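Residue numbers run from 1 in the order of the sequence given. These values consider heavy atoms only, across backbone and side chains, with no hydrogens, waters or symmetry-generated copies. Values in this document were obtained by computation on a predicted structure and should not be read as measured data.
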Amino acid sequence: MARNPICRRVCAEPACRTFLPEKGCEEMITMRVEELEALRLCDLEGWDQDRAAARMLVSRGTFQRILYQARRHSAQALVSGKGIRIQGGHYKVAQTHCQCEGRCGQCCFQSEKGDDIHE
């Protein structure tokens, strides 16, 4: 029996959720929101996997699997000329600053009214 997935913390909802190649395409690859967050933390912000995993509230092994899947999806879209759709996953938007030394621009501060959990 599979256990319920752990809710992953992300800094903010993606501003853009669809990316299309220059020439029209009908095929799309779906990337989960937490995959995009893993790419952002490691490849854009330059965090190591331990720090990024702690930020997303998952183990390092889980984080690595999320990151590798995100990289696989990105490479597949770029090489095959497919579009990318960002949707789904099991995540909640962070309610505290991600401590990215002000470089992030993605941090979202929500009131303490409750967790916004998405599935």
Asks: Looking just at side-chain N and O atoms, do His73 and Glu35 make a donor-acceptor pair shorter than 3.5 Å?
Replies: yes

Asks: Side-chain contact, heavy-atom cut-off 4.5 Å: Met56 with Glu34?
Replies: yes

Asks: Let me check something: any side-chain donor-acceptor pairs from residues 17-30 under 3.5 Å, sequence neighbours excluded? List them with distances.
Replies:
unit_1, atom_1, unit_2, atom_2, d
Arg17, NH1, Ile86, O, 3.2
Arg17, NH2, Glu13, OE1, 2.3
Glu27, OE1, Lys82, NZ, 3.3

Asks: Identify, with sequence neighbours excluded, every residue that meets side-chain hydrogen bond (donor to acceptor under 3.5 Å, both in side chains) alongside Asp48.
Replies: none

Asks: Quick one: side chain to side chain contact (heavy atoms under 4.5 Å, CB included) partners of Ser74, sequence neighbours excluded?
Replies: Met31, Leu39

Asks: Tell me whether Thr62 contacts the main-chain N or O of Val58 through its side chain, where contact means a donor paired with an acceptor under 3.5 Å.
Replies: no

Asks: Please find the pair of heavy atoms, one from Ala53 and one from Ser59, that lie closest to each other, and give the distance.
Replies: CB-O, 3.8 Å

Asks: So do Trp47 and Arg55 actually touch side chain to side chain, heavy atoms under 4.5 Å?
Replies: yes

Asks: Could you list the residues that satisfy side-chain hydrogen bond (donor to acceptor under 3.5 Å, both in side chains) with Arg72, not counting sequence neighbours?
Replies: Gln69

Asks: For the residue pair Val93 and Ala12, what are the closest heavy atoms and their distance?
Replies: CG1-CA, 4.1 Å

Asks: Under the salt bridge (Lys or Arg N to Asp or Glu O under 4.0 Å) rule, collect the residues that match up with Arg65, sequence neighbours excluded.
Replies: none

Asks: Going by heavy atoms in the side chains, are Gln87 and Arg32 under 4.5 Å from each other?
Replies: no

Asks: Got a sec, which residues hit side chain to side chain contact (heavy atoms under 4.5 Å, CB included) with Leu57, two or more places apart in sequence or on another chain?
Replies: Arg9, Lys92

Asks: Hey, quick one: are Val10 and Leu41 part of the same hydrophobic cluster, counting side-chain heavy atoms closer than 4.5 Å, chains of contacts allowed?
Replies: yes

Asks: Could you state the interatomic distance from SG (Cys42) to CZ (Arg71), rounded to the nearest 0.5 Å?
Replies: 6.0 Å

Asks: Quick one: are Cys11 and Arg40 in side-chain contact, heavy atoms under 4.5 Å?
Replies: yes

